[in-house]
Structure formats: C-alpha cells, structure tokens
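On a predicted model such as this, the values are computed, not experimentally measured, just so you know. Remember, it's 1-based here, ligands and their atoms both numbered in the order they're listed.
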Amino acid sequence: MKTPQSKNDLPDTDIPSVASIPRHVAIIMDGNGRWAQKRGLPRVAGHKAGVETVRTVIQSCAEKGIEVVTLFAFSSENWRRPKKEVTLLMSLFLAALQREVKKLHKNGVQLRIVGDVSAFDNKIQEQIKKSEELTKNNKTLILNIAANYGGQWDITEAVKALANQVESGDLKAEDITSELIKQNLTMCDLPEPDLFIRTGGEQRISNFLIWQLAYSELYFTDTLWPDFDRQAFEDALTSFAGRQRRFGHTGEQIEKMKNA
Ligand code: IPE
Ligand code: IPE
Ligand code: MG
C-alpha cells in the first residue's frame, strides 16, 4: 500500500479547519418509533412528530450560517421494516415534500434528494424532480435529504463509474486515487460533514455517509429525534466548537496554525 510521504502528497482537504461553526452538519434522525411507543402511540406518530424537528433544525442551520445540512430520512435497509410502516413513511415523505417545498424555496433553501430514488414510486420521483428544479439556484442553505441512501451504495456507484472509464480505456487502474473516488460520490461538490449527529442513543453509522465521515466530529445523544429541540442542537454545536480537529497533526501544530 502506498502511503503519502510528505505533506505535499496530501490533498488540500486534509488541512485542518479551525472554524467553530460547522459548514456541513449530517444527522441520523433516530428514535421516532421509541418516542411514539413511550406514549402508547403507533410508530408513525413518532415519524409525524419528527417532521416538526426537521423544520426546527433547518431553521437553526439557516440562522447559524451553516451551509449544508444532510438528513438521513430513509436508509437502503429500511425497506426491511413491516410493509405498513414503509408505506406510511413513503406517504409522509411525499406529503412533506408537497407541503414544505414552497416555504423552503421562499427561505432560500436548495433541496437535494440523495440516494437511489429510482426505487420510489413515480409520484414521489416527479415531486423530487419538481422540488429540486424549483430550488436549484437557492443559496442560503443546501438541504440534502438522504432517502433510500446507503454509504455502501454510494461508494459502489462511484467504483462502477470508474470501472466503466477503465473498461473504455479512458482511465488507467493505476491512476485511481482517493480524490477520484471522492469526485464520483453523491455530494462531491459539497464540503464533507464537519459534524455528525445521531439522536436516539445508538452509537453506530447504520450505512450513512461512510466515506464522507472519515474526519467528521461525531456527536451522539440519547435524546429521541422528536424531542431534539433548538437547545439540543445548540448543545451539539457547543460540543463541536470545543473540539480540536487535528487531521493527523499534533495538537501543538494545530495551535501554531491557529495563531499564525
Ligand atoms: C428513525 O426513527 C426514522 C427512520 C428510520 C425512518 P426510527 O423509526 O428508527 O425510530 P426507533 O429507532 O425505532 O425508535
Ligand atoms: C438509521 O436509523 C436510518 C435513519 C435514521 C433513516 P435506523 O433506525 O434504521 O438504524 P438501525 O437499524 O437501528 O441501525
Ligand atoms: Mg431507529
């Protein structure tokens, strides 16, 4: 295996950022089902309540000057849930898109759906296209909704694209670099997440952004997604601001760079 021998072999993205506000926040919105069950309600009531939290978080991001927020709404593994729950999640997704897109547009939010959308029914696919088209020039905040998304799917698609180029003779296998793989991932035009948040108490990635989280700061909270309010989000940002991101450097080097 080749390891970079000097700083010059490393891409620019490895240079530490000392910003106290993350540019990109990625969130696994977990705990809706348990929130509902605790109240003796059907799981779908938790998903409905979770939509309210989505609104609050988007608003907070815009106010804080965060540039990108990526929300995990439905994983490529969530199809394994009972058919009834999947159907309800789909109709909730469609209804939320239909209801919220005008308001998002008015607030300067650019909406992108990331994931294999070809698995969704036509109505959802059409609404996705319409929403993305309407909001594509907005600049206040980029909102990625990860739907039928899997980090392994994302990397597999990138590898397939590169393999096609090798097959057609446009690329040599030995010229494949991590940078090239990165350029073929969804969201390759955006900064990688600085802060990752998972609500609901589990401490795992669940096939979310595997590649892109390589150097993100991780924040786990027991708070269930519907209870994740402004203050809870603020707490996550405070935790982030207190971290020293080193990207392989020593703490002393980082301090020196900060003071330079
Ligand atoms: C997250 O909440 C939402 C989706 C996965 C769609 P869950 O539905 O996973 O809630 P818990 O983890 O069962 O409480
Ligand atoms: C991850 O949550 C997916 C989303 C929040 C959309 P899950 O609840 O599906 O994750 P696991 O199955 O507990 O790992
Ligand atoms: Mg869950």
Side-chain angles (χ1 to χ4, degrees), residues 24-58 60-61 68-100 111-121 124-125 127-128 131 142-156 185-187 193 195-213 216 218-229 232-233 236:
H24 183 173
V25 179
I27 308 180
I28 297 187
M29 314 184 283
D30 197 21
N32 292 348
R34 280 164 286 161
W35 182 92
Q37 280 160 345
K38 259 176 45 183
R39 289 164 175 75
L41 298 168
R43 292 176 56 85
V44 68
H47 298 313
K48 282 187 185 154
V51 177
E52 197 52 52
T53 307
V54 171
R55 273 196 212 105
T56 310
V57 165
I58 293 169
S60 299
C61 285
V68 187
V69 60
T70 302
L71 304 176
F72 206 6
F74 191 85
S75 79
S76 46
E77 287 71 37
N78 285 145
W79 298 107
R80 293 174 183 154
R81 294 193 176 197
K83 198 164 178 275
K84 198 172 141 212
E85 181 168 344
V86 171
T87 308
L88 283 166
L89 279 168
M90 290 301 145
S91 55
L92 208 61
F93 182 41
L94 180 62
L97 275 178
Q98 287 168 333
R99 203 179 50 234
E100 304 290 332
L111 180 67
R112 301 186 188 183
I113 309 299
V114 294
D116 183 5
V117 297
S118 68
F120 295 131
D121 74 26
I124 297 183
Q125 289 191 48
Q127 184 62 41
I128 288 174
S131 311
I142 295 176
L143 166 63
N144 299 305
I145 301 287
N148 193 21
Y149 180 87
Q152 291 175 343
W153 165 83
D154 202 353
I155 296 169
T156 306
L185 295 171
T186 57
M187 308 196 287
L195 172 63
F196 160 90
I197 299 171
R198 182 172 188 145
T199 62
E202 313 298 349
Q203 304 199 352
R204 53 179 173 251
I205 302 296
S206 300
N207 198 16
F208 192 28
L209 304 159
I210 296 176
W211 181 283
Q212 297 89 337
L213 292 178
S216 309
L218 307 181
Y219 181 86
F220 297 96
T221 170
D222 288 339
T223 304
L224 305 171
W225 179 250
D227 291 330
F228 191 75
D229 57 11
F233 187 52

S.K.: Within a distance under 4.0 Å of any heavy atom of M29, pick out the atoms of ligand 1 and give their elements.
M.R.: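 Here the atoms of ligand 1 in question are 1 (C), 2 (O), 3 (C).
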S.K.: Provide, to 0.1 Å, the distance between atom 14 (O) of ligand 2 and the closest protein heavy atom, together with that atom's residue and name.
M.R.: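 Its nearest protein heavy-atom neighbour is S206 OG, 2.6 Å.
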S.K.: With heavy-atom distances below 4.0 Å as the criterion, list the atoms of ligand 2 near R81.
M.R.: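 Numbered from 1, ligand 2 contributes 7 (P), 8 (O), 9 (O).
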S.K.: Any atoms of ligand 2 less than 4.0 Å from a non-hydrogen atom of R204? List them with their elements.
M.R.: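 Matching atoms, with element in brackets: 11 (P), 13 (O), 14 (O).
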S.K.: To the nearest 0.1 Å, how far is atom 9 (O) of ligand 2 from its closest protein heavy atom, and which atom is that?
M.R.: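 The closest heavy atom on the protein side is N78 ND2, 2.9 Å.
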S.K.: In D30, which N, O or S atom comes closest to the Mg ion (ligand 3)?
M.R.: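 Going through the N, O and S atoms of D30 one by one, OD1 ends up nearest to the Mg ion (ligand 3).
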S.K.: Run the side chain to side chain donor-acceptor pair (under 3.5 Å) test on S206 and R198 for me, step by step, so that the C-alpha distance in whole Å, both residues' side-chain angles and the decisive distance to 0.1 Å come before the verdict.
M.R.: CA-CA 10 Å; S206 300; R198 182 172 188 145; 2.8 Å; yes
S.K.: Between W211 and D154, is a side-chain contact (heavy atoms from CB on, under 4.5 Å) present by the stated rule, with each step listed?
M.R.: CA-CA 9 Å; W211 181 283; D154 202 353; over 6 Å; no
S.K.: Quick one: sort the F196 and F208 rings into parallel, tilted or perpendicular, breaks at 30° and 60°.
M.R.: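 If you compare the ring of F196 with that of F208, the planes turn out tilted.
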S.K.: State whether the number of non-hydrogen atoms from other residues, nucleotides or ligands found under 6.0 Å of E77 atom CD is greater than 12.
M.R.: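 Check passes, neighbour count above 12.
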S.K.: When you measure from the side chain of Q125 to the backbone of S118, do you find a donor-acceptor pair of N or O atoms at a distance under 3.5 Å?
M.R.: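 Judged by distance alone, yes, a pair lies under 3.5 Å.
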S.K.: In ligand 1, which numbered atoms sit nearer than 4.0 Å to a non-hydrogen atom of R34?
M.R.: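 Listed by number with element, the hits are 11 (P), 12 (O), 14 (O).
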S.K.: Parallel under 30°, tilted from 30 to 60°, perpendicular over 60°: which one fits the rings of W225 and F228?
M.R.: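 The rings of W225 and F228 lie parallel, inter-plane angle below 30°.
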S.K.: Please identify which atoms of ligand 2 are closer than 4.0 Å to at least one heavy atom of F74.
M.R.: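 Those atoms are 6 (C).
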S.K.: Looking only at the side chains, is there a donor atom on one of S131 and Q127 sitting less than 3.5 Å from an acceptor on the other?
M.R.: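 Side chains of S131 and Q127: pair found under 3.5 Å.
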S.K.: For F72, take its heavy atoms, then give the atoms of ligand 2 lying under 4.0 Å from any of them.
M.R.: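 Ligand 2 atoms under the 4.0 Å threshold to F72: 3 (C), 4 (C), 5 (C), 6 (C).
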S.K.: What is the nearest protein non-hydrogen atom to atom 7 (P) of ligand 1, stated with its residue, atom name and distance?
M.R.: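 Of the protein heavy atoms, D30 OD1, 3.5 Å lies nearest.
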S.K.: I need the nearest protein heavy-atom contact for atom 10 (O) of ligand 1: residue, atom name and distance, please.
M.R.: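 Going atom by atom, the protein heavy atom closest to atom 10 (O) of ligand 1 ends up being G33 N, 2.9 Å.
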S.K.: Answer yes or no: is there a donor N or O on one side and an acceptor on the other, between the side chain of N148 and the main chain of V117, under 3.5 Å?
M.R.: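 Looks like no, no N/O pair under 3.5 Å.
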S.K.: Below a 4.0 angstrom heavy-atom separation, can you tell me which part of F208, side chain or backbone, both or neither, approaches ligand 2?
M.R.: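 Neither part.
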S.K.: Which protein non-hydrogen atom lies closest to atom 6 (C) of ligand 1, naming both residue and atom, and how far is it?
M.R.: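 Closest protein heavy atom to atom 6 (C) of ligand 1: A73 O, 3.3 Å.
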S.K.: Any atom of ligand 1 sitting under 4.0 Å from a heavy atom of Q37?
M.R.: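 Flag not set, Q37 not near ligand 1.
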S.K.: Within the structure, is a non-hydrogen atom of G200 found at a distance of less than 4.0 Å from ligand 1?
M.R.: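 Distance cut 4.0 Å: G200 fails for ligand 1.
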S.K.: Please list the nearest protein heavy atom to atom 1 (C) of ligand 2 with its residue and the distance rounded to 0.1 Å.
M.R.: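 That would be I28 CG2, 3.9 Å.
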S.K.: For ligand 2, which part of R198 has a heavy atom less than 4.0 Å away: the side chain, the backbone, both, or neither?
M.R.: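 The answer is the side chain of R198.
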S.K.: Has R80 got more than 12 heavy atoms of other residues, nucleotides or ligands less than 6.0 Å from its CZ?
M.R.: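 No, CZ of R80 has 12 or fewer neighbouring heavy atoms, counting only those of other groups under 6.0 Å.
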S.K.: Got a donor-acceptor contact below 3.5 angstrom from the N78 side chain to the S75 backbone?
M.R.: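 Pair found, side chain donor or acceptor close to backbone of S75.
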